[in-house]
Each structure stands twice: as structure tokens, then as C-alpha cells.
Amino acid sequence: MAGGKIFQPVTKIRLTNVSIVRLRKGGKRFEVACYKNKVTEWRTGVEKDIDEVLQIHQIYVNVSKGQVAKTEELRKCFNTEDVDEVIKEVLLKGEQQVSDKERHHQLDNMQRDIATVVAEKCVNPATQQPYTVTMIEKVMADIHYSVNPNRSAKQQALDVIKQIQEQNIVPIARAQMRIRISLPRKDAKRLKEKILELVAKVEDEEHEEDRGDEYEQVCLIDPGQYRAVTELIGGVPKGAGTVEVLSLRDINDEDSTLN
């Protein structure tokens, strides 16, 4: 129509350079448009702000064509009209649409990250020497480990360690932490048995004649016992007990399963 305006339907919104997550439900297709690399971060808990994941807070039936899902379609297939709820379900259960080249690159990077975590956390128990990242990658190939892009490197590192130990490919064990425990001697006598249950090896122990009323022990612990030790010593009255980390190798990460 000459001189007139052409309006694009309001259910069409076009986006470019996006990563699409697609979920089929109730015979319908639903998609959300995300920033690249953010989907995995959301699924593994690295990214918690959903607005940092989504390019636009909207649900589509086809992102490429800009076709927005209708409210009645959401109600029929998801039993809700709450856009946020549907978006979260699509993000969690949907399949991320990536090219073969992108998928291969993503898996390679994830495999490297997993191997790096294992190399940082473990040693050869016979020699107490660490393994290189390249050596761990080779062992991962030997055990035919299948990388999951939707799980964090730390979570999968635990799987890799377990499988290497089960298949006995190479000797491997979590590297132990060296700590110094200090507390009043009267509390040490009361807690010593519990402390020894958490300790792998006592390396040095100062006796009463050395430090008077203060008890001190340098020991090795498995990383998984660190929290239990700090909670036990932290319960000493008036904050008189301390735990000093002499080797930082296996702490300082947020994943408690690897602490």
C-alpha cells in the first residue's frame, strides 16, 4: 500500500549470533535464545543470573524465524503461563543447538579442564609425584571416558579419578594436605582421639615440655577431611583452637566434594 506502513507481527522477534536451546514437549517445539557459552555455566551453577544467560527474556517456537510461543501453547504443554518457569525448564532439559565443529571444540576444552583438575588434585601414591595434564588426558582415553558438556569439570574429575582407580590403569590418589593444629593442651587431651580419626599421618607433635599449656601437631589429612577438622577445632571454647594450612594444594575451591 503506497505511502502506508508495514507492521511486523508482534509475535516475530529476530535475533542473530545466538545459541539456541530447544525442548520438544506436548508435540510442540519451544526454544530460548542464549549467549554462547552461558548455557553450560547456568547448568553447572557457575552462572546464577538468568539474565546473563538469555539474549531476550522470551520463549519461541522458532528463534531463527522470530516466532514467539503463544500463551495458550505454554498453558497446554507446561500447565503454566509463567514464562520464567518455562524458560528454566527449557534451559535445564532442552538440547543446545550447536554445530559439529562447535560441539567438538566444546568437548575438547571440557576434557582439558577435567584433566587439569585431576592433575592438580592427585598424585602417584608410590612416588607422591603429580601427573601432567597430558598424562591424565591419555589415561582418560584409555578408560574411554565420555565427556558430558552439561556437568562441571570438577564433578567429572571425581568420576575420572574413581574410574582410573577401579580400572587400575595407573596408581592414583588424592594429594594430601599438610596442616598445623594448635589448641590448649587440656582441650587436646579431650579431642585427641577424634583428631587422630581424621588424620592420615602425624608428622610432628610438640609435647608438654616443649610448649607448656599449648599443644601443636603437624599432620597430613585427606582433603575430604579438611572441613571436619576445622569444625572440630573451631568448637574449642573461646576460639582458642586454630588450623593452619601449610600446603594449599587441595583447598581454595568452592566445590565441597573436592575439598
Side-chain angles (χ1 to χ4, degrees), residues 44-46 48 112-137 139-140 151-166 168-259:
T44 57
V46 174
K48 301 184 185 300
R112 186 75 175 180
D113 289 344
I114 295 168
T116 298
V117 173
V118 175
E120 288 175 348
K121 304 294 179 185
C122 296
V123 295
N124 181 327
T127 64
Q128 291 300 309
Q129 295 299 309
Y131 288 105
T132 65
V133 174
T134 301
M135 291 171 68
I136 297 298
E137 285 185 304
V139 174
M140 288 173 65
R151 298 179 66 213
S152 72
K154 288 180 181 178
Q155 291 171 329
Q156 295 186 79
L158 290 172
D159 293 340
V160 169
I161 294 168
K162 183 179 180 181
Q163 290 186 31
I164 293 173
Q165 291 172 332
E166 288 176 347
N168 200 27
I169 302 295
V170 295
I172 192 169
R174 293 290 304 280
Q176 293 177 326
M177 295 171 59
R178 178 175 287 104
I179 63 173
R180 177 185 288 115
I181 298 172
S182 301
L183 67 164
R185 192 164 299 280
K186 61 182 176 61
D187 295 298
K189 290 178 180 178
R190 176 173 58 87
L191 297 175
K192 189 169 184 180
E193 188 173 327
K194 291 183 179 179
I195 293 172
L196 291 177
E197 289 176 359
L198 301 172
V199 167
K201 179 183 178 183
V202 176
E203 290 192 328
D204 189 27
E205 189 175 25
E206 293 195 347
H207 300 285
E208 191 168 353
E209 58 271 19
D210 300 320
R211 291 178 62 88
D213 292 335
E214 187 75 11
Y215 172 81
E216 184 176 285
Q217 179 188 113
V218 175
C219 56
L220 297 177
I221 62 169
D222 292 328
Q225 301 287 18
Y226 177 71
R227 183 167 299 172
V229 171
T230 56
E231 288 178 353
L232 179 64
I233 303 304
V236 172
K238 300 180 181 180
T242 62
V243 178
E244 179 185 357
V245 179
L246 304 179
S247 168
L248 291 172
R249 182 180 181 88
D250 278 67
I251 63 168
N252 291 338
D253 58 60
E254 297 176 356
D255 188 344
S256 63
T257 58
L258 274 174
N259 282 346

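Listed here is the closest heavy atom pair of E214 and S182: OE2-CB, 3.6 Å. Contact detail for V229 and I221: the closest heavy-atom pair is CG2-CD1, 4.3 Å. Between V243 and Y226, the shortest heavy-atom contact is CG1-CE1, 4.4 Å. Nearest heavy-atom pair, C219 versus V202, reported as atom, atom and distance to 0.1 Å: CB-CA, 4.1 Å. Shortest non-hydrogen contact noted between A188 and L183 is N-CD1, 3.7 Å. The shortest heavy-atom contact between T44 and R151 is CG2-C, 3.4 Å.
The salt bridge (charged side-chain N to carboxylate O under 4.0 Å, His left out) contacts involving residues 123-136 comprise nothing, where partners must be two or more places apart or lie in separate chains. The list of side chain to side chain donor-acceptor pair (under 3.5 Å) pairs with a residue in residues 231-244, not counting sequence neighbours, reads R180-E244.
Taking 4.5 Å as the limit, every side-chain heavy atom of K154 sits out of range of all side-chain heavy atoms of L158. Inter-residue side-chain proximity for N124 and I172 is flagged as unmet; no heavy-atom pair is nearer than 4.5 Å. Counting only heavy atoms from C-beta outward, the side chains of M140 and I114 approach each other to under 4.5 Å. Residues R174 and D222 fail the side-chain proximity criterion, which asks for heavy atoms closer than 4.5 Å.
Under the side-chain hydrogen bond (donor to acceptor under 3.5 Å, both in side chains) criterion, E203 pairs with R178, sequence neighbours left out. Take P184 and apply the side chain to side chain contact (heavy atoms under 4.5 Å, CB included) test, not counting sequence neighbours, and it matches K186, D187, V236, A240. Applying the salt bridge (Lys or Arg N to Asp or Glu O under 4.0 Å) rule to K192 yields the partners E205; only residues at least two apart in sequence or on another chain are considered.
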query: Should K194 and L198 be marked as a side-chain contact (heavy atoms from CB on, under 4.5 Å) after you check the CA-CA gap, both sets of side-chain angles, and the distance that decides it?
result: CA-CA 7 Å; K194 291 183 179 179; L198 301 172; 5.9 Å; no
Evaluation steps, side-chain contact (heavy atoms from CB on, under 4.5 Å), between V170 and Y131: CA-CA 10 Å; V170 295; Y131 288 105; 3.8 Å; yes
task: Please assess L232 against I195 for the test side-chain contact (heavy atoms from CB on, under 4.5 Å), listing each intermediate value before the final yes or no.
output: CA-CA 8 Å; L232 179 64; I195 293 172; 3.8 Å; yes
Q217 and D204: CA distance, side-chain angles, deciding distance, side-chain contact (heavy atoms from CB on, under 4.5 Å) verdict: CA-CA 6 Å; Q217 179 188 113; D204 189 27; over 6 Å; no
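Residue Q129 holds its CD atom at 14.0 Å from SG of C122, rounded to the nearest 0.5 Å. Taking CG from N168 and CD from Q163, the interatomic distance works out to 14.0 Å, rounded to the nearest 0.5 Å. Note that the CD1 atom of I164 and the CD1 atom of I169 stand 8.0 Å from one another [nearest 0.5 Å]. Taking OG1 of T230 as the reference point, atom CD of Q225 lies at 11.0 Å (rounded to 0.5 Å).
With hydrogens and angles disregarded, a donor-acceptor distance shorter than 3.5 Å links the side chain of Q155 to the backbone of S152.
No more than 12 heavy atoms of other residues, nucleotides or ligands shown are found within 6.0 angstrom of CD on E193.
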